[in-house]
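Here, residue 1 is the first one in the sequence, and each next residue gets the next number.
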Amino acid sequence: MTKEIVAIAAAAALLLGGCQIPGLGEEETSQPPAPEPATPSSQQVQQQPLTPTLTLDGQPVRTGAVVRGEASPQAMELAAAELSDGGITVQVAADGGFPDFQFSQAPEETKATLTPIGGEEASFSGTLEELAAFTPAKSGGYTLDLWAVWRGAEGGFSGTAGYRVVLEYRLPMALAIDATDVPQGYCLVLRASNLPEGAEEVTATTDMGFTPTFYRYQGEMVALMPAKYSANTGEYHITLTAGEVSRDFVISVTDGGFDVTVQEFSVDQGVADATVNNQEANIVYEQVTRPLKNLGDPEKYWEGAFQLPIDRQYVVSSSTFGRIRVINGAKSQHAGIDYPAPIGTQVYAPNNGRVLFAGYLQLTGNMICIEHGFGLKSWYYHLSAVDVEEGQMVKTGDPIGKVGDTGFVTGPHLHFTMSVNNVYTNPEQYLAEDILG
């Protein structure tokens, strides 16, 4: 019977799908329990340190760009291109109080760049500490790009973060002149900066025989102040006034360095009688040029130093600016530079400007006058051809006319001069540099 019972049990095991039933004489084995699923609380989580925060006078500043770890030049270039506005504007008072920059983790290094809003060149570049001691030349808004570097000290953040904010500087009003010495026939610049509300008008009184006009330029009010080439050397006075504030300056007019040898010419009497000796020719010249001299466009058209209006091979001249000349017995001081050149030689615009006059006058022959802004003008006499017209805007190097021998001349040449309104000044100054910087 026992064998039969065992056989029946084995068959039952097969029918149950191969479930193992311990046989006689076998030890029963136990399976280890399956591990329970891991929970987040049982895992080791490693989190990188957060980017340090920055507050400016208590206002949180949004991080504009972040580079973790050691930043390569390429990574920094990309970060700088992506730097975004932090949305913060803070005023910097005239007394020099600097905003409070607070980092949640003190950086090992900072680099600050301050650029006038709308400008391209930075006014300052250095550390944040150096910026705190810096004062820009003019009031107004400046974009501050601030980069802070951390090197992971004590397990903190490691990398570079960039921030962009606006600092609005409010500086004391300043009345100034560019120089206290000015040669005869040269020009200096008067400036009024950081004008407060209600002090938009600036005036100048002087004993130099000229009343300058002020124009708005790059956040300042500026005026060109010429010293007449015929002025005596010595001391002169200028008083600048803006609102209720005035400041006095003493100007020293120095020798203009003119050629002291007298130059003598003889002009055909028929030419002289039709020009300098002709009353009507002189009246028409005054009627045409006087209104032009009084004009001043409120925009600075010129850019940088002026260029020669004629090819350099023709610039050697004995008839220089300010030289005393005797022509047909009449003594005068030359108000320009004469460039002898063949008839038809090309004449070029020495800088950007607006053509005020382009035509024929009996005294000067074919003449062109260009306004370069702020009352600064260039003049061209005796042309054989005029290639521009009144009202036309010209650029540096544009052809404007051709050398000739029209008007009161001894032969073909270009008479070139420049003026600040009605005062002729030495073109050499403008050929050397941009007087407004």
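Each of Tyr186, Tyr229, Tyr339 was scored for a ring pair (Phe, Tyr, Trp, His ring centres under 6.0 Å) with Phe321, with one residue passing: Tyr229.
In this structure, Glu70 places its CD atom where only 12 or fewer heavy-atom neighbours from other residues, nucleotides or ligands lie under 6.0 Å away. Enclosure of atom CD in Glu280 is not indicated, since only 12 or fewer non-hydrogen atoms of other residues, nucleotides or ligands lie within 6.0 angstrom. With a 6.0 Å radius and a threshold of 12 heavy atoms from other residues, nucleotides or ligands, Gln333 has its CD atom above the threshold. In this structure, Glu108 places its CD atom where more than 12 heavy-atom neighbours from other residues, nucleotides or ligands lie under 6.0 Å away. The number of heavy atoms from other shown groups lying within 6.0 Å of NZ (Lys293) is above 12.
Once rounded to the nearest 0.5 Å, the distance linking CG of Leu356 with OG1 of Thr289 reads 11.5 Å. Taking CG from Leu414 and OG from Ser384, the interatomic distance works out to 10.5 Å, rounded to the nearest 0.5 Å.
Salt-bridge formation is detected for the pair Asp145/Arg164: a Lys NZ or Arg NE/NH1/NH2 atom is positioned less than 4.0 Å from an Asp or Glu carboxylate oxygen.
You'll find the ring centres of Tyr142 and Tyr169 inside the 6.0 Å limit. Checked against a 6.0 Å centroid threshold, the rings of Tyr430 and His372 do not count as neighbours.
Under the 3.5 Å distance criterion, the side-chain polar atoms of Thr417 are matched with a main-chain donor or acceptor of Ala335. Put simply, the side chain of Gln429 never gets that close to the backbone of Asn426: no donor and acceptor are under 3.5 Å apart. Of the possible donor and acceptor atoms, none in the side chain of Asp178 sits under 3.5 Å from a partner among the backbone N and O of Leu188. Not one N or O on the side chain of Asn351 forms a donor-acceptor pair closer than 3.5 Å with the backbone of Thr396.
The closest side-chain donor-acceptor pair between Glu220 and Ser193 falls under 3.5 angstrom.
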